[in-house]
Amino acid sequence: MIETVELTKNFKEVTAVEDLTMTIKDGEVFGFIGPNGAGKTTTVRMLCCLISPSRGSAFVNGMDIAHPNDRIKIRGIIGLLPETPGLYESLSAQRNLDFFAQLYGLSSTVRDRRIKELLTTLDVWDRRNDPVAKFSKGMKQKIAIARALVHEPEILFLDEPTSGLDPQASLTVRNYLLDLKKEGRTIFLNTHNLDEAEKLCDKIGVIQRNLLALGSPEELSSKFWGKATVIEARSLTPEMVRAVESIPSVRRVDLAEGKLLVELDRPDLNNPLIVRTLVERGAEIEYVSELKHGLEDIYLKLIGGPR
Amino acid sequence: MRLDKVWIVARKDMSEFKTNKYIVFSLVLMPLVMSFVLPIAYLVPITMLTGDNSNVPLDLHINITSRFEGLNVENVSVSNASFVKSNLTNVVAQSCIFENCTLTDVLARDSVLLNTTIDRSYVIRSNIEASPRTDSTLSGCVIIGETSRTVNMLKTFIDSLLMFFILVPVMIPTIIASYSFVGEKLNKSLEPLLATPTTDMELLAGKSLSIFIPSMAAAWISLVPFVVLVDLIAGPVLGYYPLPNIIWVVGSFILAPLFCLLSISTNVLVSSRVNDVRASQQIGSLIVLPLVVFFVITIAGLITLDLFYMSVFVMLIAIVDAAVVYLSLKVFRREEILIRWK
């Protein structure tokens with residue numbers, strides 16, 4: 001579990017992260033989204049005990065990131081994939097992983113087993129002895145992910161794991177992250193890719209120096225837009241709109257292009273009443289569906305930008 | 001500090017160095033120049049100058065037929081004569097023995113001069129002992145009981161070669177460290193390394209050890225052929241094998257490692273501020289300056305390179321080392337590296 005309380009980081013005059021308070025439970029995949037310079041990488045660096053907070057506190061699996069003895073223990077249970085792979089280009093993929101596995105204190109047998117497992121899963125086992133310099137960007141990213149996982153960390157921090165990858169490589173990485181999610185690993189994912197975050201994450205945090213929003217994608221959608229039902233029907237009239245508006249739980253109704261957008265509370269209870277009201281007045285219902293706002297809408301609403 | 005982690009980091013870095021042709025080239029070339037080229041190019045010409053200065057007396061086979069004492073001799077030619085307490089002026093002498101005499105404007109050949117003052121004279125193929133000389137020329141003579149200036153120069157030059165030897169563990173770290181620290185910074189491979197459960201001290205010690213080992217190995221390996229060559233070249237002239245001596249032992253096994261450590265620590269400081277391997281090498285190589293200054297002072301004769309001055313120099317460098325290592329430890333901290341290393 002990761003818990004931060006008013007976590008703040010200042011770089012001289014500049015405040016990179018301010019009053020960040022949040023909790024990420026064990027086994028959750030947490031997506032941290034925000035524009036460039038919003039404080040995502042700084043937060044990860046603080047939680048990985050690479051830099052110290054200026055104010056506030058944070059605990060990783062109950063250990064204090066500010067406590068010198070805990071800091072080294074925290075680094076032992078986390079895996080970090082930084083924004084750039086940062087591999088030793090002249091060394092082979094296997095040697096790169098073996099070096100890190102040694103630093104994590106893995107025995108020779110365990111190291112060999114883990115490296116084989118990871119490289120096989122990521123489909124680079126055949127190239128294990130090649131210098132990393134010869135690898136494509138996607139392959140390097142796979143090796144960097146393997147490096148972050150070589151010691152089976154309890155918590156995985158991923159900073160833009162699919163940034164700069166071609167669609168195929170992105171898909172491979174994303175699928176692998178889905179497998180890790182199924183394993184129940186806690187993952188902290190910094191990303192600009194909202195589609196990726198939506199597919200992978202149980203919980204989303206939107207940051208722009210301060211934490212602007214926190215919750216599951218559904219919770220955030222409800223929080224910012226409320227529930228809404230879209231009804232597509234033939235023969236809709238203004239009289240029908242007024243009839244629906246008169247229903248107590250309905251907050252707002254819009255009619256456009258043959259679609260009725262109804263914002264309401266408890267659609268599960270009230271949708272049948274709305275449909276009956278329309279049918280009684282002669283409407284021919286074609287579709288009834290829930291209006292969903294994607295993460296992109298949430299992000300743009302919070303950060304600002306074109307709708 | 002866990003030594004096993006230090007060694008893991010050092011081994012990884014050394015594996016990387018093996019694949020870097022510039023580092024391999026430096027590790028091979030500098031010791032080669034040091035071991036073979038330097039003693040041959042530097043000492044052979046000097047030993048040729050000192051070739052006539054053996055201390056073994058010439059076998060002159062002088063057959064004395066007449067003896068003189070307390071005479072003033074002028075404008076004559078003499079041969080096979082022995083002079084004691086005499087003054088000889090404008091004389092040509094062949095196969096004579098002069099003892100407690102004064103020779104002025106004399107041409108002497110195949111003679112023995114003992115405790116004799118030689119002025120404006122020319123002495124050829126003779127044995128000379130305890131005889132002061134002014135405005136005179138000696139050719140093919142053996143000066144007994146007196147070390148010639150060229151022999152003294154040879155000794156000084158052999159000691160001054162120590163500077164070149166110490167350059168090996170000073171310059172090689174400059175090259176390796178620039179690739180190790182700046183290279184890792186450019187490659188952005190420091191962040192994942194810093195995220196491992198290692199301490200700043202373990203990382204710095206491991207990286208420093210990976211530079212120290214090949215640098216000192218190159219220096220010490222080159223020392224063996226160097227010593228053999230110097231002894232082979234200079235031994236016959238000096239009449240003894242000059243190396244190893246105490247100055248070289250202190251220089252090689254105390255001063256050289258101290259300079260190596262100084263070079264590594266300086267390069268850590270430099271690497272924290274530059275983003276270019278060559279800039280790092282150029283700035284880092286300024287570390288040779290105190291070494292050069294010390295040896296220039298020695299060669300200039302301002303101090304004699306003896307154990308006392310070596311010890312003073314060693315202590316000074318040790319103090320500077322401690323200061324620079326302390327500063328490099330302050331610079332090599334996770335937060336510093338991630339935020340302030342440009």
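Proteins come first, then strands; the chains are lettered A, B, ... in the order of their sequence lines, and each starts at number 1. For the numbers below, each heavy atom of this structure counts, side chains included, while hydrogens, waters and symmetry mates do not.
Only the side chain of A/F100 comes within contact range of chain B, with at least one heavy atom under 4.5 Å from a heavy atom of that chain. For A/F157, no part lies near chain B; criterion is any non-hydrogen pair under 4.5 Å. For A/P131, no part sits under 4.5 Å from any heavy atom of chain B, backbone or side chain. Only the side chain of B/E184 comes within less than 4.5 Å of a heavy atom of chain A; its backbone N, CA, C and O stay farther away. For A/R95, the part lying under 4.5 angstrom from a heavy atom of chain B is the side chain only. No part of A/E83 comes within reach of chain B, as not one of its non-hydrogen atoms sits under 4.5 angstrom from that chain. For chain A, the nearby parts of B/R11 are the backbone and the side chain; heavy atoms of each come within less than 4.5 Å. Both the backbone and the side chain of A/I72 have a heavy atom closer than 4.5 Å to some heavy atom of chain B. Only the side chain of B/T19 comes within less than 4.5 Å of a heavy atom in chain A; its backbone stays farther off.
Ion pairing between a basic and an acidic side chain is recognised when a charged N comes within 4.0 Å of a carboxylate O; B/R333 and B/D200 show no such pairing. Ionic pairing of A/R71 and A/D64 is not present here: no N-O contact between side-chain nitrogen and carboxylate oxygen is shorter than 4.0 angstrom.
Counting only residues at least two apart or on different chains, the side-chain hydrogen bond (donor to acceptor under 3.5 Å, both in side chains) pairs with a member in residues 141-158 of chain A are A/N61-A/E154.
In this model, no donor atom of one side chain and acceptor atom of the other lie less than 3.5 Å apart for B/E16 and B/N20.
Partner of B/L329 under the side chain to side chain contact (heavy atoms under 4.5 Å, CB included) criterion, out of B/L204, B/V268, B/V324: B/L204 alone.
A/F99 carries B/K12 over the face of its six-membered ring, with the cationic atom under 6.0 Å from the centre and within 45° of the normal.
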- [ ] Test A/K9 against B/E335 for salt bridge (Lys or Arg N to Asp or Glu O under 4.0 Å), laying out the working first.
- [x] CA-CA 12 Å; A/K9 181 66 185 177; B/E335 190 144 357; 2.5 Å; yes

